[in-house]
Amino acid sequence: MNYEDVELGDDLPIEHPDVSLPKIEQWCEAAGQRFPRFVDHEAARAEGLPGALVPGIMSQGFLLAMIHRWAPGCTVRKIDTVFRGQLVIETELTISGAVTDTDDDERTVEIDLTIVGEDGRTGVIGTAVVAFD
Amino acid sequence: MILDLHTHSIKSDDGRAKVENYCKWIRKKELDLDGFVLTEHRQFDAESDYTALGDQYDLVILKASEVETDYGHVLLFGVNEALVREFDFARVDNPLPMVLEAAERHGAFAAPCHPGRKNVGLFAHYETKGSVPEVHTVEILNGGSIPGEDERSVEQARRHGYRGFGGSDSHIVSRIGYRATRFAADLGTIDELVQALRSGEFEAVSLVGDEYQMISEEEEGVPT
């Protein structure tokens, strides 16, 4: 993917990330965030949550990975996310992105980002600024 | 004409959309949308002037507010200095009857938004606290609703005899226009919008493919 190939309004390919328990456990271990609310449904419910939650930083990681799969070699200069709802592990999440602006001088694009939960609720929104060579 | 009556820009704490990018998106996607209303959270943005931007993209861009009450969130159209002085827009527990009465007294138009939503929706509060007689209009189609919430809004609005409009509740650019409101009249100012809302000559619409569709009277379904 080159800058010249990108147009305002383009959609990034939709992804459904792996949020199975083993994958979450693996991430929590690596990130040093092994908290019960991320890996134990009962413990999370005891805290008043709907179930064990996908860690917020992991959500950002999914979004970054989506961008890099769409445009390998690009540089994500900025990513800004808003956590609007709880995303439960072991459910189907849908990640999407759309190009909302382009800058020919800077060779950058702005991208809208969303992660939607199985119930249709948007859990994460955000934007990213992506630079091309 | 069709207006999205519920949008947020970067002026809202959780908004990530630049107003010009909304305009570019609407034109690039060729949405059948004539404009939008910025309803920033817990404030009225008196400073920003989008007249030039509106002229550049041939779109109506108006400003309003989304305030919070003890019965959920409420959109305020036609906000003026007197209304801003009347109560604290930043509070999250303004009494709904007071907000409705103040809006009426100062020539504005107030209507609860996403009323079918848990916690921040009007009808959830009706179940525990009873109805509010001053309510006459609600946002029955909201772009941020999950399946079932708009259906509940439509059903409850009919039950209470409320008129209904639509808005996307967009916080990012690509969400604008999913839900909107079709007006019988052409509108260019906030005063004209308030007048049109008072007249009741509007209908909530939903973007399906490239077309805006109204709610089916027969099926009571919400087009998606």
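Each chain gets a letter, A, B and so on, in the order its sequence line appears, and its residues count up from 1.
A salt bridge is defined here as a Lys NZ or Arg NE, NH1 or NH2 lying under 4.0 Å from an Asp or Glu carboxylate O, and A:Arg121 with B:Glu149 meets this definition.
Counting non-hydrogen atoms of neighbouring residues, nucleotides and ligands closer than 6.0 angstrom, the CG atom of B:Asp210 reaches no more than 12 such neighbours. Under a cut-off of 6.0 angstrom, the local environment of CD in A:Glu4 is crowded, with over 12 non-hydrogen atoms contributed by other residues, nucleotides or ligands. Sparse packing is recorded around CG of A:Asp133, with 12 or fewer heavy atoms of other residues, nucleotides or ligands lying under 6.0 Å away. When the shell of 6.0 Å around OH of B:Tyr178 is examined, it contains 12 or fewer heavy atoms from other residues, nucleotides or ligands. Within a 6.0 Å sphere centred on NZ of B:Lys118, other residues, nucleotides and ligands contribute 12 heavy atoms or fewer. Applying the 6.0 Å contact sphere to CG of A:Leu21 captures more than 12 heavy atoms from other residues, nucleotides or ligands. Few gaps surround NZ on B:Lys29; more than 12 heavy atoms of other groups in view lie less than 6.0 Å from it. Counting heavy-atom neighbours within 6.0 Å of A:Glu47 CD, excluding the residue itself, gives a total above 12.
B:Arg27 contributes atom CZ, which lies 13.5 Å from atom CG of A:Leu8 (distance to the nearest 0.5 angstrom). Taking CG of A:Asp101 as the start and CH2 of B:Trp25 as the end, the distance is 11.0 Å to the nearest 0.5 Å.
Only the backbone of A:Val99 has a heavy atom closer than 4.5 Å to any heavy atom of chain B. Only the side chain of A:Thr114 comes within less than 4.5 Å of a heavy atom in chain B; its backbone stays farther off. The part of A:Thr122 that comes within reach of chain B is its side chain, from C-beta onward, which places non-hydrogen atoms under 4.5 angstrom from that chain. Only the side chain of B:Arg117 comes within less than 4.5 Å of a heavy atom of chain A; its backbone N, CA, C and O stay farther away. For B:Lys24, the parts lying under 4.5 angstrom from a heavy atom of chain A are both the backbone and the side chain.
Residues B:Arg16 and A:Thr127 share a closest heavy-atom pair of O-CG2, 3.6 Å. The two residues B:Pro147 and A:Gly120 have their closest heavy-atom pair at CD-CA, 4.2 Å.
Side-chain contact check for A:Glu110 versus B:Asn21: some heavy-atom pair is nearer than 4.5 Å.
In terms of heavy-atom pairs under 4.5 angstrom with chain A, the leader among B:Ile172, B:Val173, B:Asp14 is B:Ile172.
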